[in-house]
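Right, one structure below, let's go through it.
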Amino acid sequence: MGVAESDRAAFAGRSDAVNYDCVETLHYLGNYVRDIPSNLTRMMENAHDWEHLPFVHPSSFAAIELVEAGTWGWRCKTSLPNNGGGQLIELLVDNARHYWATTVVEGPGQGTQIHTQATEREDGGITVDVRFYAPQAPETEQQGGMILAYLQAQYATLYNEDEALMLGRQEALDERKAQRESPTEPTAEWVLGPEAGLDRSALHRGHLGELQVLVRYWNGGWMAHAARCPHALGPLDETSPAEDGTIACPWHGYRFDLATGQEQAKRCGALATYPCTITSNGNLVVALPQP
């Protein structure tokens, strides 16, 4: 896709702060309200996370490339599914107020703004109020209703997908915290049992050291690697190796070479991989690498 100078120019001079007053110049279409069983930390983390969009939300985004990002939010170039064209999107975050505003700067829906307020609930979890604004009023009330219904359905799907990511991320962090607070005796070796009796179509789960490990039969042999992506703890049990011997995280598309553990674009540390051997008595054993 590539970011051109014209793309950068389209964002030039734009403020990095949310403009709350601008909605007075826009047409309010309606809103979408949802309760989410997550917390504000995960929600704000998700708002800043531009990388996940085409991988967690493939029905809304085909690809994305960063133009610039900071504590204020991000600006990106995206392409839409089914040859739907491209958009330049800006998302500005007011971290203190748990509020963010998304603007379509160029492309289909240009000028549309979506403002979201996240609020913590007393009974746990959060509520998001997503408010949709168009640059001008629709030609008819019926057209306005159709646009609003489309946006509400799209955001219901987006939050279904984001909710799964946020809950998965929190679960992974809770597991890591529990391990730190109540460490178990590190296991340097995992004996899966007689190799001849193992289901080669199944994914086998266990522990080595302090990490969850996955063992699978692939391309004529057994392989073992960490169960979670080293980038953001994405679940690697939800994906399978590609023909080229790599495996991609379903959250952000980071792709790891299963022979070396290295991420293809070197965007994060290596994925832990482990040697698999079959002992003289026929057992499959996975062990920590020898120093």
Between the CG atom in Asn46 and the CG atom in Leu40, the distance rounded to the nearest 0.5 Å is 12.5 Å

Check your understanding: Is a side-chain donor or acceptor of Arg169 paired with a backbone partner of Ala232 at a separation under 3.5 angstrom?
Key -> yes

**Asked** Between Gln117 (side chain) and His98 (backbone), is there a donor-acceptor pair under 3.5 Å?
**Response** yes

**Message:** Ignoring hydrogens and geometry beyond distance, is a side-chain donor-acceptor pair present between Thr127 and Asp35 at under 3.5 Å?
**Reply:** yes

For this session: Count the heavy atoms belonging to other residues, nucleotides or ligands that lie under 6.0 Å from CG of Asn83, then report whether that count exceeds 12.
Result: no

Kindly confirm or rule out a cation-pi arrangement of Arg97 over Tyr20, judged by NZ or CZ under 6.0 Å from the six-membered ring centre and within 45° of its axis?
yes

Note: Val213 and Ala224 closest approach over all heavy atoms is CG1-CB, 4.1 Å

So if you build clusters from Ile, Leu, Val, Met, Phe, Trp, Tyr with side-chain heavy-atom gaps below 4.5 Å, do Phe61 and Leu165 land together?
no

>> Is it true that Asn19 and Arg14 share a donor-acceptor pair across their side chains at a distance under 3.5 Å?
In response: no

Problem - Heavy-atom donor-acceptor pair, Asp129 side chain to Ala118 backbone, under 3.5 Å - result: no

#### Entry: Basic-acidic side-chain contact under 4.0 Å: Arg34, Glu163
yes

Within a strict 4.5 Å, meaning less than it, do heavy atoms of the Ile147 and Leu29 side chains meet?
-> yes

Between Asp7 and Gly2 the two heavy atoms that sit nearest each other are OD2-O, 4.0 Å

- Within the distance-only criterion (no hydrogens, no angle test), does the side chain of Gln87 pair as donor or acceptor with the backbone N or O of Ser79 below 3.5 angstrom? no

Within-4.5 Å side-chain heavy-atom neighbours: Arg131 and Val23:
no

Determine whether a donor-acceptor pair (N or O, by modelled atom type, separation under 3.5 Å) exists between the side chain of Thr260 and the backbone of Gln262. yes

- Carefully, step by step, assess Leu233 and Leu173 under the rule side chain to side chain contact (heavy atoms under 4.5 Å, CB included). CA-CA 8 Å; Leu233 305 180; Leu173 291 169; 3.9 Å; yes

**Report entry** His27 vs Pro135 side-chain heavy atoms within contact, under 4.5 Å
**Finding:** no

Between Trp218 and Ala242 the two heavy atoms that sit nearest each other are CZ2-O, 3.0 Å

Exercise. Are Arg267 and Tyr254 in a cation-pi setup, meaning NZ or CZ lies under 6.0 angstrom from the ring centre and within 45 degrees of the ring axis?
Worked result: yes

Between the side chains of Asp162 and His57, does any donor sit under 3.5 Å from an acceptor? yes

Quick one, Thr246 and Leu258 - any side-chain contact, counting heavy atoms below 4.5 Å?
no

Minimal heavy-atom distance between Ser60 and Pro81, with the atoms involved, is O-CD, 3.5 Å

Is the backbone N or O of Asn283 less than 3.5 Å from a side-chain atom of Thr279, with the two atoms forming a donor-acceptor pair by type?
yes

Taking the ring centre of each residue, are Tyr32 and Phe132 less than 6.0 Å apart? no

When rounded to the nearest 0.5 Å, the distance separating CD of Glu51 from CD of Glu65 is 11.5 Å

Check: Where the side chain of Arg255 meets the backbone of Gln264, is there a donor-acceptor pair that is under 3.5 Å apart?
Finding: no

**Prompt:** Out of curiosity, does Trp74 fall in the hydrophobic cluster containing Leu92 (side-chain heavy atoms, cut-off under 4.5 Å, transitive links)?
**Reply:** no

Checklist entry - Any sub-3.5 Å donor-acceptor pair from Asn160's side-chain atoms to Ala156's backbone N or O? => result yes

With clusters defined by side-chain heavy atoms of hydrophobic residues (ILVMFWY) lying less than 4.5 Å apart, directly or transitively, does Ile64 cluster with Trp251?
no

All heavy atoms of Ser59 vs all of Thr157, minimum pair found to be OG-CG2, 4.1 Å

Item checked: Check: Glu120 side chain, Asn39 main-chain N or O, donor-acceptor pair, under 3.5 Å -> no

One should read off an interatomic distance between Leu236 CG and Cys249 SG, to the nearest 0.5 angstrom, of 6.0 Å

Q.
Are the side chains of Arg216 and Pro241 in contact, using a 4.5 Å heavy-atom criterion?
A. yes

Rounding to 0.5 Å, atoms OG1 (Thr116) and CG (Asp94) come to a distance of 12.5 Å

(Q) Could you walk me through whether Glu263 and Lys266 satisfy the salt bridge (charged side-chain N to carboxylate O under 4.0 Å, His left out) test, starting with their C-alpha distance in whole Å, then the side-chain angles of each, then the deciding distance to 0.1 Å, before giving a yes or no? (A) CA-CA 5 Å; Glu263 202 279 319; Lys266 298 183 179 179; over 6 Å; no

Q | More than 12 heavy atoms of other groups within 6.0 Å of Asn82 CG | A | no

Evaluate the criterion salt bridge (charged side-chain N to carboxylate O under 4.0 Å, His left out) for residue pair Arg75 and Glu90; output intermediate values, then yes/no. CA-CA 4 Å; Arg75 297 182 175 102; Glu90 171 186 85; 2.7 Å; yes

(Q) Assess whether a salt bridge exists between Glu175 and Arg180, defined as any Lys/Arg side-chain N lying under 4.0 Å from an Asp/Glu carboxylate O. (A) no

4.5 Å side-chain heavy-atom contact, Trp100 and Met43: yes

- Query: Are Thr277 and Leu284 close enough that some pair of their side-chain heavy atoms sits under 4.5 Å apart?
  - Reply: no

Measuring centre to centre across the rings, with the benzene-like ring taken for any Trp, is Tyr133 within less than 6.0 Å of His115? yes

Could you check whether atom CD of Glu189 has more than 12 heavy atoms from other residues, nucleotides or ligands sitting under 6.0 Å from it?
yes

Residue set satisfying ring-ring contact (aromatic ring centres under 6.0 Å, His included) with His225, at least two apart, ordered chain then number -> none

So CZ of Phe11 and CD of Glu106: to nearest 0.5 Å the spacing works out to 8.0 Å

Crowded around Arg121 CZ? As in, over 12 foreign heavy atoms under 6.0 Å? yes

Scanning both residues in full, the closest heavy-atom pair of Pro108 with Leu80 reads CG-CD1, 4.0 Å

Between the CG atom in Leu91 and the CH2 atom in Trp72, the distance rounded to the nearest 0.5 Å is 9.0 Å

Discussion item. Just so I know, are the side chains of Leu214 and His204 near enough to count as touching, which here means a heavy-atom distance under 4.5 Å?
Written reply: no

Without hydrogens or angle criteria, can the side chains of His252 and Asp49 be said to hold a donor-acceptor pair below 3.5 Å? yes

Give the intermediate values and the outcome of side chain to side chain contact (heavy atoms under 4.5 Å, CB included) for residues Ile126 and Thr119.
-> CA-CA 5 Å; Ile126 60 174; Thr119 307; over 6 Å; no

- prompt: Under 3.5 Å, side chain of Thr112 to main-chain N/O of Gly109, donor-acceptor pair present?
  reply: yes

Q.
The test is side chain to side chain contact (heavy atoms under 4.5 Å, CB included); show your working for Thr273 and Asp257 and say whether it passes.
A. CA-CA 10 Å; Thr273 60; Asp257 185 330; over 6 Å; no

Q: I would like to know whether Phe256 and Cys229 meet side chain to side chain contact (heavy atoms under 4.5 Å, CB included); could you show each step before the answer?
A: CA-CA 9 Å; Phe256 301 88; Cys229 173; 3.6 Å; yes

Does one hydrophobic cluster hold both Leu198 and Trp190, with members joined at side-chain heavy-atom distances below 4.5 Å?
-> yes

- Query: Should Trp50 and Leu88 be counted in the same cluster of Ile, Leu, Val, Met, Phe, Trp and Tyr side chains packed under 4.5 Å apart?
  - Reply: no

